[in-house]
Amino acid sequence: MSDRELVVLGTASQAPTRSRNHNGYLLRWDGAGVLFDPGEGTQRQMLFAGVTASQITHICITHFHGDHCLGLPGVLQRMSLDRVPHTVDVCYPAQNQELFQRLRHAALFHDVTNLAERPVTGGGTVLTARSFHLEAQPLSHSVPAIGYRLAEPDGRRMLPGKLAALGVTGPAIGRLQREGHLVTGDRLVSLDQVSEPRPGQRFAFIMDTRLCDGAFALADGADMVVCESTFADAEAALARDYGHLTARQAGRIAAESAARLLVLTHFSQRYQHGDSQRLADEAAAAFGGQVVLANDLDRIPVPSRRPPPA
Ligand SMILES: [Zn+2]
């Protein structure tokens with residue numbers, strides 16, 4: 001099992017189908033579990049996917065249309081029932097604070113959850129966790145909507161051949177990493193001499209939106225982009241009117257942002273399972289990288305970090 005993977009809980013927009021639950025995605029990232037847009041039925045989908053309430057450390061809501069948030073009451077109550085001991089950060093558009101409060105208190109239950117409410121206004125860093133920064137950008141939908149981006153800080157990869165050639169071994173390697181330089185024998189060795197840049201891994205989550213600057217900013221250089229693709233080309237006018245993307249536009253975002261892997265999801269119920277390939281083909285016509293069409297309960301590993309700049 002990969003340490004960083006997307007567990008797909010649901011892939012339907014607006015109305016679920018026999019084969020697609022409402023939205024829901026858990027990004028497993030080292031010890032963290034970021035739950036995005038829990039639609040109706042998310043609690044049960046977690047059961048099918050083998051995800052527990054205690055794995056959730058963060059919840060990110062893009063906007064308050066029902067297919068993106070009606071599962072929140074159930075998930076929060078389950079966290080309480082299971083006595084999840086840690087604090088869970090919950091991010092959502094600040095303009096809809098009242099809607100968040102309604103969902104939080106939608107039913108009566110013995111509430112022992114420990115939530116850190118983080119209403120998001122504007123773009124920028126929302127929080128810093130142990131192994132990532134969480135950023136948000138405004139999207140262009142019919143209601144207040146934001147997308148998210150997880151970015152691991154850039155680091156450096158040690159090069160064993162160069163370490164050996166300069167005689168740096170054992171605990172000295174750790175000291176060199178911490179202090180940036182080291183005297184060995186009569187020589188001063190710097191970290192730059194024995195390592196190369198290691199760009200941090202990046203993940204983007206783009207839901208209901210028209211093409212907009214925020215979507216491109218979120219996807220910039222991302223290893224994995226999860227993107228709504230509600231419609232096919234033939235319904236491009238509908239997509240524009242209702243503030244959605246076509247699969248081809250999702251492909252364009254991935255291509256122009258130099259992303260690596262594009263995961264398509266949030267499909268209109270007008271498309272049957274057999275139509276899926278058409279959406280994937282339309283995205284692939286705009287994007288030369290890998291395109292994956294998400295299905296419920298898929299586990300999709302986050303691709304390895306991009307190679308360092310030459
Ligand atoms: Zn929406």
Side-chain angles (χ1 to χ4, degrees), residues 6 8-17 20-27 34-42 45 59-75 90-104 106 119-123 126 136-149 204-219 225-233 235-250 252-253 262-271 279 283 293-294 296:
L6 183 76
V8 179
L9 301 170
T11 52
S13 71
Q14 198 174 51
T17 67
R20 297 192 184 278
N21 197 78
H22 263 172
N23 285 297
Y25 313 85
L26 183 84
L27 178 68
V34 186
L35 178 67
F36 291 96
D37 281 5
E40 194 180 332
T42 293
Q45 292 293 95
I59 299 176
C60 294
I61 309 274
T62 60
H63 67 296
F64 284 97
H65 277 148
D67 51 332
H68 297 259
C69 67
L70 282 176
L72 187 62
V75 169
V90 190
C91 311
Y92 52 87
Q95 298 97 316
N96 292 127
Q97 175 71 28
E98 189 193 334
L99 283 168
F100 174 75
Q101 289 304 330
R102 274 192 234 160
L103 291 166
R104 170 117 172 70
V120 177
T121 42
V126 176
Q137 288 293 334
L139 296 175
S140 171
H141 194 36
S142 54
V143 299
I146 49 180
Y148 295 95
R149 172 182 169 91
F205 188 79
I206 302 167
M207 282 294 127
D208 302 16
T209 188
R210 302 172 184 88
L211 283 177
C212 66
D213 291 347
F216 288 96
L218 292 166
V225 178
V226 178
C227 191
E228 73 123 316
S229 56
T230 312
F231 294 112
D233 271 349
E235 284 78 44
L238 269 185
R240 193 183 52 241
D241 291 351
Y242 289 97
H244 282 294
L245 295 171
T246 63
R248 186 182 300 270
Q249 289 171 329
R252 210 184 121 188
I253 291 170
L262 172 64
V263 178
L264 298 177
T265 184
H266 191 275
F267 307 111
S268 164
Q269 74 264 24
R270 75 182 58 224
Y271 305 115
L279 295 169
L293 210 124
D296 289 21

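For ligands, and for the atoms within them, numbers begin at 1 and follow the listed sequence. Heads up: numbering here begins at 1 and tracks the sequence. This is a predicted model, so every value here is computed, not measured.
Partner of P144 under the side chain to side chain contact (heavy atoms under 4.5 Å, CB included) criterion, out of L99, N96, L139, V120: N96 alone. Here the options are Y92, Y25, F205, the test is ring-ring contact (aromatic ring centres under 6.0 Å, His included), and the partner is F36; only F205 passes.
Angle NE2 (H63) to the Zn ion (ligand 1) to ND1 (H65): 90°, rounded to 10°.
In this structure, L6 and V226 have side chains that are in contact, with non-hydrogen atoms separated by less than 4.5 Å.
Among the backbone and side-chain atoms of H244, none of the N, O or S atoms lies under 2.8 Å from the Zn ion (ligand 1).
The atom name of the N/O/S atom in D208 closest to the Zn ion (ligand 1) is OD2.
Checked against the 6.0 Å centroid threshold, H68 and H22 do not count as a close aromatic pair.
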